[in-house]
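Down below is the structure, laid out as structure tokens.
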Amino acid sequence: MTATTTPTERAQPATSAPAPLTMAGALNAALRDAMEADDRVVVYGEDVGPLGGVFRVTDGLQARFGDQRIWDSPLAESGIVGTAVGMAMYGMRPVVEMQFDAFSYPAFEQMVSHVAKMRNRTKGRVSLPIVVRIPCAGAIGGVEHHSDSSEAYWTATPGLTVVMPSNPADAYSMLREAIECDDPVVFMEPKSRYWSKAELTLPVTTAPMDRAVVVREGTDVTLLAYGPTVRTALEAADAAASEDLSIEVVDLRSLSPFDDETVGASVRKTSRAAVIHEAAQFGGYGAEVAARVTERNFFHLAAPVLRITGFDIPYPSPKLEEQYLPTADRVLAALDTWEWEDRA
Amino acid sequence: MTATTTPTERAQPATSAPAPLTMAGALNAALRDAMEADDRVVVYGEDVGPLGGVFRVTDGLQARFGDQRIWDSPLAESGIVGTAVGMAMYGMRPVVEMQFDAFSYPAFEQMVSHVAKMRNRTKGRVSLPIVVRIPCAGAIGGVEHHSDSSEAYWTATPGLTVVMPSNPADAYSMLREAIECDDPVVFMEPKSRYWSKAELTLPVTTAPMDRAVVVREGTDVTLLAYGPTVRTALEAADAAASEDLSIEVVDLRSLSPFDDETVGASVRKTSRAAVIHEAAQFGGYGAEVAARVTERNFFHLAAPVLRITGFDIPYPSPKLEEQYLPTADRVLAALDTWEWEDRA
Amino acid sequence: MSLNVEHQPVRALPSEKPIRLLDNAGHAVRGAASGGFELPELDVLLELYRRMVIARRFDVQVTALTKQGRLATYPSAYGQEACEIGAISAIETHDWFFPTYRDSIALLTRGIEPGDILASFRGDWHNGYDQHAHRCASQATPLATQTLHAVGLAHAARLRHDPIVTLTYLGDGATSEGDAHEAFNFAAVWQTPTVFLVQNNQFAISTPLSRQTRAATLADKAVGYGMPGYHVDGNDVAAMYAVTLAAVARARDGGGPTLIEGVTYRIEPHTNSDDPTRYRQAREVEHWKRRDPIERLEKYLVSEGALGDDVRTEIADAAESVAAHTREVMTAEAELDPLELFDHVYARPRAALREQRARLEAELKESAMANDSSHAGAAR
Amino acid sequence: MSLNVEHQPVRALPSEKPIRLLDNAGHAVRGAASGGFELPELDVLLELYRRMVIARRFDVQVTALTKQGRLATYPSAYGQEACEIGAISAIETHDWFFPTYRDSIALLTRGIEPGDILASFRGDWHNGYDQHAHRCASQATPLATQTLHAVGLAHAARLRHDPIVTLTYLGDGATSEGDAHEAFNFAAVWQTPTVFLVQNNQFAISTPLSRQTRAATLADKAVGYGMPGYHVDGNDVAAMYAVTLAAVARARDGGGPTLIEGVTYRIEPHTNSDDPTRYRQAREVEHWKRRDPIERLEKYLVSEGALGDDVRTEIADAAESVAAHTREVMTAEAELDPLELFDHVYARPRAALREQRARLEAELKESAMANDSSHAGAAR
Ligand SMILES: Cc1ncc(C[n+]2csc(CCOP(=O)(O)OP(=O)(O)O)c2C)c(N)n1
Ligand SMILES: Cc1ncc(C[n+]2csc(CCOP(=O)(O)OP(=O)(O)O)c2C)c(N)n1
Ligand SMILES: [Mg+2]
Ligand SMILES: [Mg+2]
């Protein structure tokens, strides 16, 4: 097993005709194809079996592969992740599901003290090809604990790879790549995008999962977004276009590692950048983005990198989440706070 | 109980003569005086009783106060923090100890989902005046899991207050204030500074625990440090002085909230800033510092805010920690990477 | 009162047959099957009946409102009334209760206003009632976490020689979490006055008990902590009440914690967004519907002549009025102030939150003005 | 082989009296006290004796080296040899072992080089041996976490119809952690071939067992998971070996996990930096020294005529040579390359780590040059 299986090397199932697929459906197909391609891939977690997961991402997989490839575990997240460590040591490639961000917290010690550290601890002798799937973020009207954004915890942890697709094609391609990766991957799935659709011909291979992608070109401002906020950024770019402001949107895709190259190129072109996320601002992932973009491109920047984020408060109850979440309007208003004299 | 008990309001034990005190001793005195002043203060955790804690911070307290004020709990960190929530709901002011940063991880769910959120959840009807003491960071030759820096996890969590003293006087004053605070406080104690000494007359009251303090004045560069790296910053400032570079050192003290005012004033004066910490750089607390200092002072900055930190790797084994830790030399070398043309 | 308890730890297997005081036909059970517990007096049973009827009517009403979209979510306790009401009725006003999301009807029984219970499920705020006033903690979502809170509060009270007891509920699934273990253990080691009720409703969302534990009963877990465990028919409110009452009394007397398992069944889906047809047979649900806890007690009360038509009508009326009141409060929209989002995060004010609050305030004003002018435009 | 195990869960209280095959005077125990286990053959006992003697000599040597500052820390297992060696000797080469920091002597018995075992305690790298080659996981520090790894690996093997067993050790203190609970439960529900050995050495650092549990025995915890539990005299290597062997055989046959408690005592401080005078009486230590596991077996072997002077000398020589070898490897400094810090964090290379590596490389070169020139200067 090489360290960097590239997407094209992977066993390809028969190509299917283009069909509209939701992100949940794309993830389901990726799991199915990965299980088909490699019998070391096993899937477990809470309610992933007959129910197909509370978001139906594992729908139908138990019927197809049987309960020795995919099964319901007891209800204990540390147990789920901790046993995955042992399974991976044996040579399996476990894909486990945390039901929501906040319910991954009981597994925090296993994630930080073992999943992240095992390979380094053993000088590379033991690698843990585990994928921890986390339905993440909010905007689904969920009650408390169902809309947290946990990415800052994982990205602050050396040894973890953290990715988040924003669309069905990436969801498929990145999940296949994550499962093939010899490093443990925290695979974050923006819940509010589960039902977003795209026409896809499977298997689809998009950019490597550690690369950011420019999803809309522009010249005046770079918006850095990931997961649920890519749509927000695109909406802002649309609205701004009518006001003659040309916004480039970069979908980060990979939170750790960070694609300094793609992002740097964009920022040096536009000389202005803002990062958008749902999580609270203080200590959020946007801090890393702002800090490193500034470090590496300081003399190209016409203005400070902005962070357009949730407030520094716990995620609110459903009726107030609209006020909490960064919207396209809020993005545009934030861009207005820059001094724009330098613009012709 | 008012929300913002100021240090001067607190019940003062008889003033003692100045005496050399270690940080561990100062913390011990603070616990003793707090327990003396308020019988709602209870202390528990692993080995805090007869042993006095593995760092002896609770030395002698059980002999003095009995095992209904301070006691050894079963060995379970989630249990320790979770029961503290209940105790605080009843009206106690529990001060609990996590033996090392990495051993707080089993308590992560209780910290993030309850300690941080309870007050907001209940519209302020239930506040949790809990202090979670965490002997933190490295440079003590500790084997794996004994030298983590966990501050980024706590500072990314709205609802928590996170402070870290760097010297015995602050250790005493800030711990008293933390215990009197109605908000839950993560009180981080840099292990490598436990045996550092100062002449102190107790009780000592230093700046409020939510303020940063300029610990050395300078004009060319602002070094932002906290806990163990304050000493590093001061060493760098000393060394630089001989090369005619005037360094101002700010001891952040409070990680959350961040004292934008004190830091901003310093940075606007020097126009250059760097933040120093032991934790890995990627997603570390320094990212927040760099991002917010830049956001608020962009047009005053002559150069990007630097982060001088640990590498993006798990904390190394004892024989390699020297190479990992940011030293005064590394700080000075980093400052050299700035273009200095603007300096006369 | 010393905190050192010298008596021997309990070391016995709970009875494998659930303790039962009324069988499914509504007949009193005597002998070994009753585990030595006494059937409560008729007036107590009648009161439990009344509470269960009202609780169910409320539950059915809230499920209906949820289907109409008035609530974001609602985890029903239909069929679990004997556990929910039996146990909560065994504690006193000054005792504390630590519930889960499933236990709204126990809160109702505890005297909390429907609108306040349901504020969180409607999406107004995370918790809607005054916990200290009712001595009821918020309904915990992170599984088993509340059991530690119950132990901590009980221990604090014990340190203060305050003779209260804490009662906490958790599900069969939640017993698998590390926090449940730590709570059982802390309670036992500290001998806190805590009663744990595991409502074994056979499922954790879709996961059946057989994939949750291999223990013969969930009450068996008590053995590993040296505390008494009781395996109880959770559809028999008489048994649930009597066993809890005894556990509460023992706890209050310094006898430490107890683990009670009530064997029951979740008749409704996990929540409104669940689809139980994917993981269980309608047959099984029907089987359990025939073991309805309310009907069981009703049969007994009728056979004892304690439930005449007049009482029945009176109870039905009371239940209807709770339902009507619930409809009313849940139909009216609560006034919410988004700026309050910033007000309760910290006791000690923060400059950054002040700034963010001001920004949201300006944004809201602006959009209100935009709205006004567009309305004005439309009116013109 | 089907993974569905239909047999009934185990539901019985472990014997409260520890199972014992040799009493402290070195006499064979028969009847109920032996729990139905057979005393192993003399050749097996002699081999266990040899292993214990070598293990103790190693342990004493490492403690001495630690006092000399050659190791950053060392948690000694002095006095726990019967648990450590008895259990590890009951598994096969192809089985897996999941130890804690305390279990270096079990790793030695498993055939790992002293230098490789001690690399972590010396501070060279976090883990110094090839886990796959020895089928031994790294020595876990975060308490109880390794028990889940053992369950996971066992389950994976079971899914592959690979008839291996996993053995994991944990301390009395570690049983309080949530992870221990989750591991016991997952193992029982999945019926994994896992043997859990709780080394109840009476203390978790300074915290005595009475503050850790209220259960009569730690083996009682097995009941709550529906798995067999054995309460064993942990200073009787014959019993430890026999009970573990039976558990391993059952596990290998698809009979699921077992929880074994070995009752023993930590004679040394927790680690070299601990001060046990603060929390326990020298008397207590003396009492346990008189129950020494090696002496006990020695008495039996001598009484059976199985341990003559020649064998004794041969074993002592073997032990001395392990000690000498250990001194040697621990006195030589390991070559460490700081740049290796960056090489094993990820399988997939990262640009940022490449940059940081290059920076450290430049720094190291610079300081080497500075050193060279200052040495050169000094020489001139
Ligand atoms: C720590 C945690 N993990 C997962 C969840 C998601 N979740 C909510 S309810 C539930 C099932 C709980 O089952 P059980 O404890 O039996 O209670 P019941 O819902 O049957 O009353 C799950 C998995 C959660 N709330 N908390
Ligand atoms: C999760 C966690 N919490 C705390 C510690 C610190 N610690 C190390 S050893 C120890 C005591 C362990 O006692 P026990 O499980 O009985 O094992 P023993 O050391 O007696 O062999 C503690 C508290 C740790 N390593 N991991
Ligand atoms: Mg349930
Ligand atoms: Mg121990």
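A quick note: this is a predicted structure, and the numbers were derived from the prediction, not measured. Chain letters run A, B, ... following the sequence lines, proteins first and then strands; every chain starts at 1.
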Who among D:Ala137, D:Ala150, D:Ala157 has the most heavy-atom pairs with chain A under 4.5 Å?
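The option with the most such pairs is D:Ala157.
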Partner chain A: residue of D:Glu340, D:His126, D:Arg135, D:His344 with the largest heavy-atom pair count (under 4.5 Å)
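Max contact count across the listed options: D:His344.
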Which heavy atom in [X] sits nearest to a heavy atom in [Y], and how many Å separate them?
X: D:Trp125; Y: A:Thr122; result: NE1-N, 4.5 Å
X: A:Pro74; Y: D:Asn185; result: CB-ND2, 3.8 Å
X: A:Ser73; Y: D:Phe186; result: CB-CE2, 4.0 Å

D:Arg160: partners by side-chain contact (heavy atoms from CB on, under 4.5 Å), with sequence neighbours left out:
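If we apply the side-chain contact (heavy atoms from CB on, under 4.5 Å) test to D:Arg160, skipping adjacent residues, the hits are A:Asp39, A:Arg40, A:Tyr90, A:Met92, D:Asp162.
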Quick check: under 4.5 Å, non-hydrogen atoms only, which of residues 99-117 of chain D neighbour chain A?
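Under the 4.5 Å heavy-atom cut-off, nothing qualifies.
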Residues of residues 170-184 of chain D with any heavy atom under 4.5 Å of a heavy atom in chain A
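Within residues 170-184 of chain D, near chain A: D:Asp179, D:Glu182.
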Just by distance, do the side chain of [X] and the backbone of [Y] share a donor-acceptor pair under 3.5 Å?
X: D:Arg348; Y: A:Thr161; result: no
X: A:Asp183; Y: D:Ala347; result: yes
X: D:Tyr346; Y: A:Asn120; result: no

Please classify the contact between [X] and chain D as side chain, backbone, both or neither, with a heavy-atom cut-off of under 4.5 Å.
X: A:Asp259; value: neither
X: A:Ser113; value: side chain
X: A:Arg69; value: neither
X: A:Ile80; value: both
X: A:Ala76; value: both

Heavy-atom distance under 4.5 Å between the side chains of [X] and [Y], does that happen here?
X: A:Arg125; Y: D:Asn127; result: yes
X: A:Val126; Y: D:His132; result: yes
X: D:Leu153; Y: A:Met87; result: no

Counting only heavy atoms not in A:Glu261, do more than 12 sit closer than 6.0 Å to its CD atom?
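It does not: A:Glu261 CD has 12 such atoms or fewer within range.
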Is chain A contacted by the side chain of [X], its backbone, both, or neither, given a heavy-atom distance below 4.5 Å?
X: D:Phe98; value: side chain
X: D:Val345; value: both
X: D:Leu341; value: backbone

Can you see whether D:Thr145 engages A:His114 through a side-chain donor-acceptor pair at a distance of less than 3.5 angstrom?
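Yes.
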If we ignore angles and hydrogens, is there a donor and acceptor under 3.5 Å between the side chains of A:Ser256 and D:Arg350?
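Result is yes, a qualifying pair exists.
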Quick one: pull up OG in D:Ser138 and CE in A:Met118 and give me the separation to the nearest 0.5 Å.
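The CE atom of A:Met118 is 5.0 Å from OG of D:Ser138, to the nearest 0.5 Å.
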Between atom CH2 of D:Trp96 and atom CE of A:Met89, what is the distance when rounded to the nearest 0.5 Å?
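With rounding to 0.5 Å, CH2 (D:Trp96) is 4.0 Å from CE (A:Met89).
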Just so I understand: if I count every heavy-atom pair under 4.5 Å between each of A:Ser78, A:Pro94, A:Pro158, A:Gly124 and chain D, which residue has the most?
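Winner by heavy-atom pair count: A:Ser78.
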Could you tell me which residues satisfy side-chain hydrogen bond (donor to acceptor under 3.5 Å, both in side chains) with A:Asp72, sequence neighbours excluded, listed by chain and number?
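In terms of side-chain hydrogen bond (donor to acceptor under 3.5 Å, both in side chains), with neighbours along the sequence ignored, A:Asp72 is linked to no residue.
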